[in-house]
Amino acid sequence: MSKAKNHSIARKSLRRTIFFVAAILFAASTFDAYNQAQLALVLILFIGVLSVTLLTGISGQLSLGQGALMAVGGYCMALLMINQSYSLWVAIPLAIVGSALAGLLLGIAAARLTGPYLAGTTLVIALAIPTLANRFMSVLKGDEGLPVDVGYPPVWFTNLFGEPSYEQWQLYVALPFAAIALFLASNILLSRTGRMWRAIRDNETAAALSGVNFSRQKIFVFVVSATFAGLSGALYGLRGLVGPSVYPVSLSLLLLTAAVLGGIRSIFGAFIGTVIVVFLPDWIDAVLHQFELSEQVSNFMPALVSSLLLILTVVINPAGVAGTHLHKHKHK
Amino acid sequence: MRNRASLSRSPRSFISTAAVVLAGALALSAVPAQGASTPGVSATEIVLGMQLPQTGAASPGYNKVDDAMRAYFDYVNSKGGVYGRKITLVVKDDTYKAGLTVSTASALINKDKVFAMVGSVGTQTHISVIKDINRRGIPDLFVNSGYSGFYTDPKKYPTTFGALGTYVVEAKILGKHIKENYSKNTVGIVYQTDDFGRNTVEGLATAGVTFTAKKTAATFIAGTQGSGLDAQMQQLKDNNVDVVVVGAVASAFAAAVSSANKIGYKPAQWIVISVGADATTFQTILGARGIAPAVSAALLAGTISASHAPSPGEADDEFVKAFKKINDEFNKGPDKRWDNNILQGMNIGYLTTSALLGVGKDLTRPGIIKYIEANAAKLPSAALSPLGYSTKTHEAFTGFWIGKYDAATVLKPIDATRKVWTTDSAKGAVTELKYTRPAIAADALPKVG
């Protein structure tokens with residue numbers, strides 16, 4: 001690929017990232033504290049959903065265990081922060097390296113697996129998190145977990161921008177990482193690497209005949225996806241705790257749900273899907289508030305509605321929210 | 001080859017759609033700010049928040065505590081509230097997943113603007129938010145966890161107060177009983193591998209009751225009891241354990257008994273930490289496994305447990321009578337059957353009302369923390385043990401009595417007369433407690449302030 005082409009891709013990705021950051025900052029400025037915390041959660045999970053987009057949506061490898069890779073990132077970061085007293089700005093990049101290594105090991109195993117076998121393997125890994133946390137109790141502290149949080153902003157930050165609330169600080173910590181993740185994901189999708197991954201997804205034989213080393217690329221996808229998941233997991237742990245109950249199997253399913261609802265092959269879809277899964281309980285709560293339903297009913301409504309949305313998406317519009325316009329565009 | 005779904009969208013389209021969605025989120029989720037200087041307190045209302053598993057594997061039994069608390073608050077409100085302010089309890093379901101607990105706490109603090117958190121259930125889940133709650137100076141009152149780490153160092157968590165005796169205290173008291181009565185037996189334990197289980201093992205060890213890993217100590221990961229504890233029971237059976245201590249929640253005790261029953265294992269004695277021995281929860285869970293109430297009652301009969309409060313089956317106890325009446329009249333929950341969980345919820349409601357009354361009309365967050373620390377002796381409750389709150393510890397009840405379930409699933413004192421034992425969460429001795437519980441008023445409202 002020519003240098004000019006590379007620069008063009010980078011510029012395009014950078015423009016998207018700058019718009020994204022500006023939109024988030026604008027939205028945050030109009031939000032109350034609760035919604036700022038929710039927006040921070042959107043940014044954190046958006047990175048995790050991007051890991052699903054790259055792995056499942058783009059390269060066609062179904063993983064039900066991204067939550068486990070998030071846990072790897074979370075535990076690496078927490079151990080570095082607690083045992084080595086590293087700041088989160090140092091601990092998070094190192095945690096990403098840890099999760100990338102985990103992704104490499106998983107990728108080597110997964111390169112030989114496809115479809116339900118791969119899904120089953122990754123699901124088992126997600127299920128193993130509590131066992132591992134309790135097996136290595138002295139280090140990982142079992143179910144009790146490792147308490148960590150974003151702490152307080154540095155003095156230079158408060159001198160420049162004033163004292164942020166805890167929710168704002170959560171948002172400001174998550175935003176640069178989400179922006180970097182968006183930039184990288186956009187670059188990958190626009191580049192030759194993205195095309196190779198899509199080729200593997202669509203037809204491995206054809207990809208191989210075109211010169212794509214699909215075994216190596218499948219491992220590479222896992223490493224990149226694990227990097228995103230590890231970053232998301234580290235930031236997710238910074239909300240208060242790194243422990244088995246923070247990274248349950250349902251978290252992996254939530255990421256997949258968000259990716260499918262938004263559009264599993266799209267970065268924009270990953271963002272929209274994340275917004276939906278994070279804010280859906282609040283929207284439902286706002287609606288149900290009018291009807292005074294019993295807790296027995298209202299507690300199950302978010303899961304019920306998201307399940308229905310998932311089924312409707314798969315049946316009616318498999319491309320997800322972000323894919324709707326694609327169909328219209330195609331029919332023109 | 002190129003995926004147009006991911007690439008065809010222009011940045012402008014991306015931003016405009018994102019802005020619409022985010023604005024929608026704001027419009028639907030935003031709540032008007034409250035004008036009161038102390039969050040959650042106005043001239044007419046005090047808003048309290050609580051989080052617990054209302055659904056999910058850990059919810060059986062515990063999902064009744066919030067309804068009982070609300071019932072007591074509704075009763076207080078029907079009598080004019082606290083200095084004219086009605087108490088509103090906002091409850092969030094965290095399904096016992098810490099990742100969700102962070103979000104529900106954020107909603108209670110930032111959206112519902114609660115004055116204090118009250119009666120939150122769960123050790124693991126509470127760990128994920130306790131630091132943030134304390135950092136904000138929000139009173140974290142009467143937490144439904146016996147984990148000693150929350151309470152024994154008030155400098156670490158200055159706003160957090162317990163609603164139970166610690167698991168260490170209870171295990172030390174049960175350990176003394178085991179040492180004195182089962183020295184000739186092979187004593188084993190099944191416990192959940194979390195703070196609850198480890199606190200239990202720690203307390204028993206302090207009392208001189210120790211176990212051998214994989215022989216007389218069988219463990220399981222908290223929350224996995226739903227699939228049964230067959231392997232754990234088989235292990236204890238193979239090692240001829242005839243006295244089984246259970247350091248786990250009620251759903252785990254039910255699973256242990258069910259599994260033991262299935263493999264024909266009949267230990268001479270079950271000894272269960274109080275929060276795991278609620279009769280209603282035990283029978284409900286076994287009922288869901290197809291075991292008839294009469295059979296589950298027979299399985300429970302003879303089980304030894306401890307309690308800081310009267311047994312819910314003590315129909316003559318004045319607190320039981322009063323709380324039961326309020327429960328019948330005000331509890332709007334789906335399962336208002338009178339049991340330990342309801343009694344505990346009512347007692348937290350009573351204790352909270354006492355503290356709110358004690359502080360006076362000028363209710364502030366620092367004020368209520370200071371008041372509870374300085375006035376533990378003045379705070380009445382249904383418990384048969386005093387409260388331990390002070391500036392040095394935020395542990396709740398320091399005493400337990402030991403009982404045995406009869407055929408009617410009522411926990412009765414193990415000796416003819418009830419003896420309450422007391423100790424600390426450290427290495428202190430277990431001694432008999434002489435304490436006279438203050439009587440409940442005719443209107444069942446605390447007379448404080």
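Just so it is clear: chains get the letters A, B, ... in the order the sequence lines come, proteins before strands, and each one is counted from 1.
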Given that the side chain runs from C-beta out, which part of A:Tyr236 has a heavy atom under 4.5 Å from chain B: side chain, backbone, both or neither? side chain
Do B:Asn110 and A:Gln36 come within less than 4.5 Å of each other through their side chains, counting heavy atoms only? no
One pair to check against side-chain contact (heavy atoms from CB on, under 4.5 Å): A:Asp282 and B:Lys111. What are the steps and the verdict? CA-CA 11 Å; A:Asp282 292 329; B:Lys111 204 167 153 186; 3.2 Å; yes
By the definition side chain to side chain contact (heavy atoms under 4.5 Å, CB included), identify the one residue from B:Ile130, B:Ile127, B:Thr125 that meets it with A:Leu241. B:Ile127
I'd like to know if B:Arg135 pairs up with A:Asp149 as an ion pair, taking the criterion as any Lys NZ or Arg NE/NH1/NH2 lying under 4.0 Å from an Asp or Glu carboxylate oxygen. yes
Would you say the side chain of B:Ser103 lies within less than 4.5 Å of the side chain of A:Arg239, judging by non-hydrogen atoms? yes
What part of B:Val102 gets closer than 4.5 Å to chain A, counting heavy atoms only: side chain, backbone, both or neither? both
Counting only non-hydrogen atoms closer than 4.5 Å, does B:Phe196 touch chain A with its backbone (N, CA, C, O), its side chain (CB onward), both, or neither? neither
Checking salt bridge (charged side-chain N to carboxylate O under 4.0 Å, His left out) for the pair A:Glu167/B:Arg136: CA distance, chi angles, key distance, verdict? CA-CA 12 Å; A:Glu167 287 73 23; B:Arg136 294 170 193 261; 2.4 Å; yes
Under 4.5 Å to a heavy atom of chain B? For A:Ser250 that would be side chain
Reported CG-to-OH distance for the pair B:Asp112 and A:Tyr34, which is rounded to 0.5 angstrom: 9.0 Å
Selection from B:Thr101, B:Val91, B:Asp132, B:Thr219 maximising heavy-atom pairs under 4.5 Å formed with chain A: B:Asp132
Turns out that what part of B:Lys131 lies under 4.5 Å from chain A's heavy atoms comes down to side chain
Nearest-0.5 Å distance, OG of residue A:Ser245 to CD of residue B:Gln124: 4.5 Å
If you count heavy-atom pairs under 4.5 Å with chain B, which of A:Lys141, A:Met137, A:Gln38 comes out on top? A:Met137
